[in-house]
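Heads up, the thing below is written out as structure tokens.
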Amino acid sequence: MSTLRMTSDLRRQLILSAAKRCFARHGFAGTTTKSVAAAASISEGLLFKHFPSKSALYAEILSEECEADPALHRLLGLEPSTETLVTLIRGMVRHFTELSEAPDQEEAQRLRLMMTSHLDDGEFARLIYDKIGHLIGQMFTASLERAVAAGDAAPLGRDPMNLFWFAHHTVLMTALARLPSVPCLTYGAPAKLERQVCEFILRGIGLNETVIASHLDRELSPVWGQPATAESA
């Protein structure tokens, strides 16, 4: 049984390795499950036993890249707390802000693919939301619970994960509006935008003004998830 399992796992990794090469060379639109199967030296039918669609393959690759990110590991290693909650939100806002300011072509394409999926069958978006939720959702909800228990936040609604998705949708759409070479909306100076979006989201998930001001007056270190106290001007 263990030998069969190992064989299955290795084959899955072989498929993912082949898919990474294909997506890197031809992009999402130019890659087919047939081309991935050929690159992995297997039949397309065997590929479908492991991944039901091209979107599932791509989502799994993105998930693996995210899980391998040292910054995410540092974040998930923190104790749930108000500070961790703010760190998570600030990191998410900064990621999408930087994507708009200096767009990486691959990242920009992924963002466009995500939005196109919403207008199509939604498969890719559902897969990505599912993986994001599993990776970060528990840390968000646990930290929000700690913030409420500490009196730093007021409880809002019965499903805290909805608050996470509202925050994610805010930064996603903000980035999308600024993605074209001529932005649909500019929002003003990037540094001020980052602060304003953070304030908007933190208020929206229930944090009080004193806590928001206290945490946002700290600098967010280049190493995501390690805030440092800012020097006074």
Side-chain angles (χ1 to χ4, degrees), residues 1-77 88 91-92 95-96 99-100 103-141 159 161-162 164-169 171-173 175-176 179-180 224:
M1 180 68 72
S2 61
T3 303
L4 290 175
R5 175 62 184 270
M6 179 64 73
T7 301
S8 178
D9 288 345
L10 287 174
R11 182 173 290 126
R12 181 181 176 87
Q13 287 306 312
L14 176 67
I15 294 170
L16 286 172
S17 296
K20 288 176 187 178
R21 296 194 300 272
C22 291
F23 285 128
R25 185 174 302 169
H26 305 294
F28 182 83
T31 298
T32 64
T33 51
K34 181 178 288 188
S35 66
V36 172
S41 300
I42 61 172
S43 69
E44 195 173 10
L46 183 55
L47 183 150
F48 287 138
K49 289 184 178 180
H50 293 271
F51 300 97
S53 66
K54 182 171 72 170
S55 289
L57 257 175
Y58 196 58
E60 184 67 22
I61 289 171
L62 297 186
S63 177
E64 283 196 349
E65 290 177 358
C66 189
E67 289 174 354
D69 185 353
L72 179 63
H73 281 285
R74 285 191 290 271
L75 175 67
L76 297 180
L88 191 159
M92 185 163 63
H95 171 76
F96 280 96
L99 172 61
S100 302
D104 174 89
Q105 290 303 311
E106 189 173 350
E107 285 286 343
Q109 183 58 39
R110 290 171 180 174
L111 180 57
R112 291 187 176 94
L113 178 60
M114 183 73 167
M115 300 314 299
T116 301
S117 178
H118 285 78
L119 301 174
D120 195 4
D121 60 8
E123 180 191 14
F124 179 72
R126 283 192 297 272
L127 289 165
I128 293 299
Y129 285 140
D130 181 65
K131 293 185 180 299
I132 291 172
H134 278 92
L135 281 171
I136 308 175
Q138 185 175 358
M139 176 60 78
F140 174 88
T141 55
D159 190 344
M161 270 305 292
N162 281 346
F164 173 77
W165 292 125
F166 297 157
H168 186 272
H169 298 338
V171 294
L172 186 68
M173 290 306 300
L176 186 68
L179 191 59
W224 189 44

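In this text the structure is predicted, and so the values were computed from the model without any measurement. Throughout, residue positions are numbered sequentially from 1 according to the sequence presented.
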Where do [X] and [Y] come nearest, in terms of heavy atoms and distance?
| X | Y | value |
| --- | --- | --- |
| S117 | A125 | OG-N, 3.0 Å |
| E44 | T33 | OE2-OG1, 2.5 Å |
| A175 | L111 | CB-CD2, 4.1 Å |
| M161 | G137 | SD-CA, 3.6 Å |
| L76 | M139 | O-CE, 3.5 Å |
| K131 | A59 | CD-O, 3.5 Å |

Next item on the list: Check the pair R11 / L46 against side chain to side chain contact (heavy atoms under 4.5 Å, CB included), numbers first and verdict last.
Entry: CA-CA 10 Å; R11 182 173 290 126; L46 183 55; 3.5 Å; yes
Got a second to check how far [X]'s [atom1] is from [Y]'s [atom2], nearest 0.5 Å?
| X | Y | atom1 | atom2 | answer |
| --- | --- | --- | --- | --- |
| S53 | L47 | OG | CG | 9.5 Å |
| E60 | I128 | CD | CD1 | 9.5 Å |
| M114 | L176 | CE | CG | 11.0 Å |
| R126 | H118 | CZ | NE2 | 10.0 Å |
| C22 | I15 | SG | CD1 | 11.5 Å |
| D121 | T116 | CG | OG1 | 11.0 Å |

Next item on the list: Mark yes when over 12 heavy atoms from residues, nucleotides or ligands other than Q138 sit less than 6.0 Å from its CD; otherwise mark no.
Entry: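 Count not over threshold, so no.
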Check: Would you call E107 and R110 a salt bridge, using N to O less than 4.0 angstrom?
Finding: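 Salt bridge flag = yes for R110 with E107.
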Next item on the list: Could you name each residue pair satisfying ring-ring contact (aromatic ring centres under 6.0 Å, His included) that touches residues 40-61, not counting sequence neighbours?
Entry: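 Qualifying pairs, neighbours excluded: F23-Y58, F28-Y58, Y58-F124.
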When you measure from the side chain of [X] to the backbone of [Y], do you find a donor-acceptor pair of N or O atoms at a distance under 3.5 Å?
| X | Y | value |
| --- | --- | --- |
| R25 | G30 | no |
| K54 | T31 | yes |
| H168 | F164 | no |

Checklist line | Side chain proximity check, L172 to W165, heavy atoms < 4.5 angstrom | finding: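 They are not in contact (no side-chain heavy atoms under 4.5 Å apart), so the answer is no.
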